[in-house]
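Beneath this line is the structure, given in structure tokens, with notes to follow.
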Amino acid sequence: MGVDYYYKILQVDKNAKDDDLKKAYRKLAMKWHPDKNPNNKKEAEAKFKQISEAYEVLSDPQKRVIYDQYGEEGLKGQVPPPDAGGPGGATFFQTGDGPNVFRFNPRNANDIFAEFFGFSSPFGGMGGGRAGSGMSGGSRTFGGMFGDDIFSSFGEGRPMNQAPRKASPIENTLPCSLEELYKGTTKKMKISREIADASGKTLPVEEILTIDIKPGWKKGTKITFPEKGNEQPNVIPEDLVFIIDEKPHSTFTREGNDLVVTQKISLSEALTGYTIHLTTLDGRSLIIPITNVIQPNYEEVVPREGMPIPKEPTKRGNLRIKFNIKFPTRLTAEQKSGIKKLLAP
């Protein structure tokens, strides 16, 4: 397989230091542990074994020297290793065909995993072993506590006894009317969740959360209640997040901080003038006379009658009035003649 095969397995270069090897093994062993890949167990077992074998060879100075010089053939005893009689040789190599012939017998992948992490299976109890991070053993049990997510609790180079992991946030949509977003409002939300007592037993509880919606808030605004999810052993509860959604309005639509309304008018009104009557989102009556000729793309802008601007409470967007002009489907000869006379240059 060549002298770079094990380096490729661990995804490191030939100058990799001991810390580089440990980091690579930690990452790959967790990724390909068979218990984490129940739907792909055969491939995972093969890769897990390759990763363990590569780490065993490259992390041992004597094995690594032989492998770098002679490749896998040297480990199999097909060439004599250097310093065959040196200290520690008999610990890792077996004599078979003579005093200068040594063979490497790979250790069990699970034994290497247990020695490195301090327990033999990520889903079993942790006995009296000692992990490479310096954590002493104890009676703490991981089985049934994390499920597959046990792997997420072992970050690159993090101590095994670091604080519990944080669960992913729970997001809920909070529909609001345009009036509520214009004026601001308070909503009460009833939630049910489980909390843990001192003994670790979980109990169901109900809570009322108060959400103060500020004037001008937009669709997509998030309100977060930290750690209001279910409490579980060794897991920091999820944050509960409400995301503002905007209900459709019968009159207005929102574009940024502006309010937009479309008025249907006749061609006669477009040519001769039109008065708009509107009720604002806070209940006021607006009367807006338009004396200009209203062309198809004409837009009347009323300053500061749009949505409040949350970061600048004294300011508002604009009200923009668009027009849908209804043209007649037919005209009599007399009407056409009359229009020509009226609109003659």
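If you read the sequence from its start, that first residue is 1, and numbering goes on from there.
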Original post:
Are side-chain heavy atoms of F48 and N37 found at a separation under 4.5 Å?
Top reply: no
**OP:** Kindly give the heavy-atom pair with the smallest separation between A167 and V235, and that separation in Å.
**Re:** CB-CG1, 3.9 Å
Subject >> Atom pair CD/CG of Q50 and L28 - distance to nearest 0.5 Å >> reply: 11.0 Å
Original post:
Is it the case that one hydrophobic cluster holds both I195 and I236, taking links as side-chain heavy atoms less than 4.5 Å apart, direct or via other members?
Top reply: no
Original post:
How far does CD of E179 sit from NZ of K247, to the nearest 0.5 angstrom?
Top reply: 9.5 Å
Original post:
Taking it one step at a time, do T202 and E231 satisfy side-chain contact (heavy atoms from CB on, under 4.5 Å)?
Top reply: CA-CA 7 Å; T202 57; E231 295 182 0; 5.7 Å; no
Original post:
Would you find a donor on one side and an acceptor on the other, under 3.5 Å apart, between the side chain of E56 and the backbone of R107?
Top reply: yes
**OP:** Start with the C-alpha gap between Y55 and K22, add the side-chain angles, then the distance that decides, and say whether side-chain contact (heavy atoms from CB on, under 4.5 Å) holds.
**Re:** CA-CA 8 Å; Y55 177 70; K22 288 180 179 179; 3.6 Å; yes
**OP:** Would you check, one step at a time, whether the test side-chain contact (heavy atoms from CB on, under 4.5 Å) holds for L174 with M189?
**Re:** CA-CA 10 Å; L174 183 62; M189 305 297 294; 3.9 Å; yes
Original post:
Salt bridge or not for D19 and K23, using N-O below 4.0 Å?
Top reply: no
Original post:
With respect to L10, which candidate in D20, I51, V57 satisfies the side-chain contact (heavy atoms from CB on, under 4.5 Å) definition?
Top reply: I51
**OP:** Please name all residues satisfying side chain to side chain donor-acceptor pair (under 3.5 Å) with Q263, sequence neighbours left out, ordered by chain then number.
**Re:** Y274
Original post:
For F225, which of V241, I211, I191 qualifies under side-chain contact (heavy atoms from CB on, under 4.5 Å)?
Top reply: I211
**OP:** Identify, with sequence neighbours excluded, every residue that meets side chain to side chain donor-acceptor pair (under 3.5 Å) alongside T279.
**Re:** none
**OP:** Could you tell me which residues satisfy side chain to side chain contact (heavy atoms under 4.5 Å, CB included) with L178, sequence neighbours excluded, listed by chain and number?
**Re:** E246, H249, F252, R254, L259, L281, M307
**OP:** Give the C-alpha distance, both sets of side-chain angles, the deciding distance and a yes or no for side chain to side chain donor-acceptor pair (under 3.5 Å) between Y182 and R316.
**Re:** CA-CA 10 Å; Y182 183 89; R316 294 177 183 271; 3.3 Å; yes
Subject >> Closest non-hydrogen atom pair between I9 and A54, with its separation >> reply: CG2-CB, 3.9 Å
Subject >> Any side-chain heavy-atom pair of L209 and L240 under 4.5 Å >> reply: yes
Subject >> Minimal non-hydrogen separation, G216 against P310, with atom names >> reply: O-CG, 3.3 Å
Subject >> Where P237 and K166 come nearest, the two heavy atoms and their spacing >> reply: O-CE, 3.0 Å
**OP:** List the atom of S59, the atom of P61, and the distance in Å for their closest heavy-atom pair.
**Re:** O-CD, 3.7 Å
**OP:** Quick one: list whatever passes side chain to side chain donor-acceptor pair (under 3.5 Å) with K187, sequence neighbours left out.
**Re:** E180
**OP:** Report the residues that fulfil salt bridge (charged side-chain N to carboxylate O under 4.0 Å, His left out) with E255, sequence neighbours left out, ordered by chain and then residue number.
**Re:** R320
Original post:
Around N297, counting heavy atoms of other residues, nucleotides and ligands shown, do more than 12 lie under 6.0 Å from its CG?
Top reply: no
Subject >> Contact check, side chains of I213 and C176, non-hydrogen atoms, under 4.5 Å >> reply: yes
Subject >> Over 12 foreign heavy atoms within 6.0 Å of NZ, K222 >> reply: no
Subject >> With N15 via side chain to side chain contact (heavy atoms under 4.5 Å, CB included) - residues at least two apart >> reply: D13
Subject >> L267 CG to F327 CZ distance, which is reported to the nearest 0.5 Å >> reply: 5.0 Å
**OP:** Check salt bridge (charged side-chain N to carboxylate O under 4.0 Å, His left out) between K219 and all other residues, then give those that pass, not counting sequence neighbours.
**Re:** D245
Original post:
At their closest point, which heavy atom of P226 faces which heavy atom of D239, and how far apart are they?
Top reply: CA-OD1, 3.2 Å
Original post:
How would you list, by chain and number, every residue that makes a side chain to side chain donor-acceptor pair (under 3.5 Å) with T262, sequence neighbours excluded?
Top reply: none
**OP:** With sequence neighbours left out, write down each residue that passes salt bridge (charged side-chain N to carboxylate O under 4.0 Å, His left out) with E305, or none if nothing qualifies.
**Re:** R284
Subject >> Flag side-chain contact, heavy atom, 4.5 Å: I288 against V302 >> reply: yes
Subject >> Distance in Å, K322 NZ paired with I294 CD1, rounded so as to fall on 0.5 Å steps >> reply: 15.0 Å
**OP:** Nearest 0.5 Å please: distance from the NZ atom of K63 over to the CG atom of L58.
**Re:** 10.5 Å
**OP:** Keeping the roles fixed (side chain from D258, backbone from N318), state whether a donor-acceptor pair exists under 3.5 Å.
**Re:** yes
Subject >> Counterpart residues, side chain to side chain contact (heavy atoms under 4.5 Å, CB included), relative to I309 (two or more places apart) >> reply: N257, E312, K315
Original post:
Side-chain contact, heavy-atom cut-off 4.5 Å: N40 with W32?
Top reply: yes
**OP:** Check whether any side-chain N or O of E300 sits under 3.5 Å from a backbone N or O of I321 as a donor-acceptor pair, and report yes or no.
**Re:** no
Original post:
Could you state the interatomic distance from CG (D18) to CG (D60), rounded to the nearest 0.5 Å?
Top reply: 10.5 Å
Original post:
Are any non-hydrogen side-chain atoms of S52 and Y25 less than 4.5 angstrom apart?
Top reply: yes
Original post:
Would you say Y6 and K14 make side-chain contact, with heavy atoms under 4.5 Å?
Top reply: no
Subject >> Residues forming a side chain to side chain contact (heavy atoms under 4.5 Å, CB included) with I339, sequence neighbours excluded >> reply: L331, L343
Original post:
If you look only at pairs with a residue in residues 325-337, which of them pass as a side chain to side chain donor-acceptor pair (under 3.5 Å), with sequence neighbours excluded?
Top reply: T332-Q335
**OP:** Assess whether atom CD of E299 is packed by more than 12 heavy atoms of other residues, nucleotides or ligands within 6.0 Å.
**Re:** yes
Subject >> Non-hydrogen side-chain atoms of V205 and R193 separated by less than 4.5 Å >> reply: yes
**OP:** Specify whether Y67 and Y7 have parallel, tilted or perpendicular ring planes, treating 30° as the upper limit for parallel and 60° as the lower limit for perpendicular.
**Re:** tilted
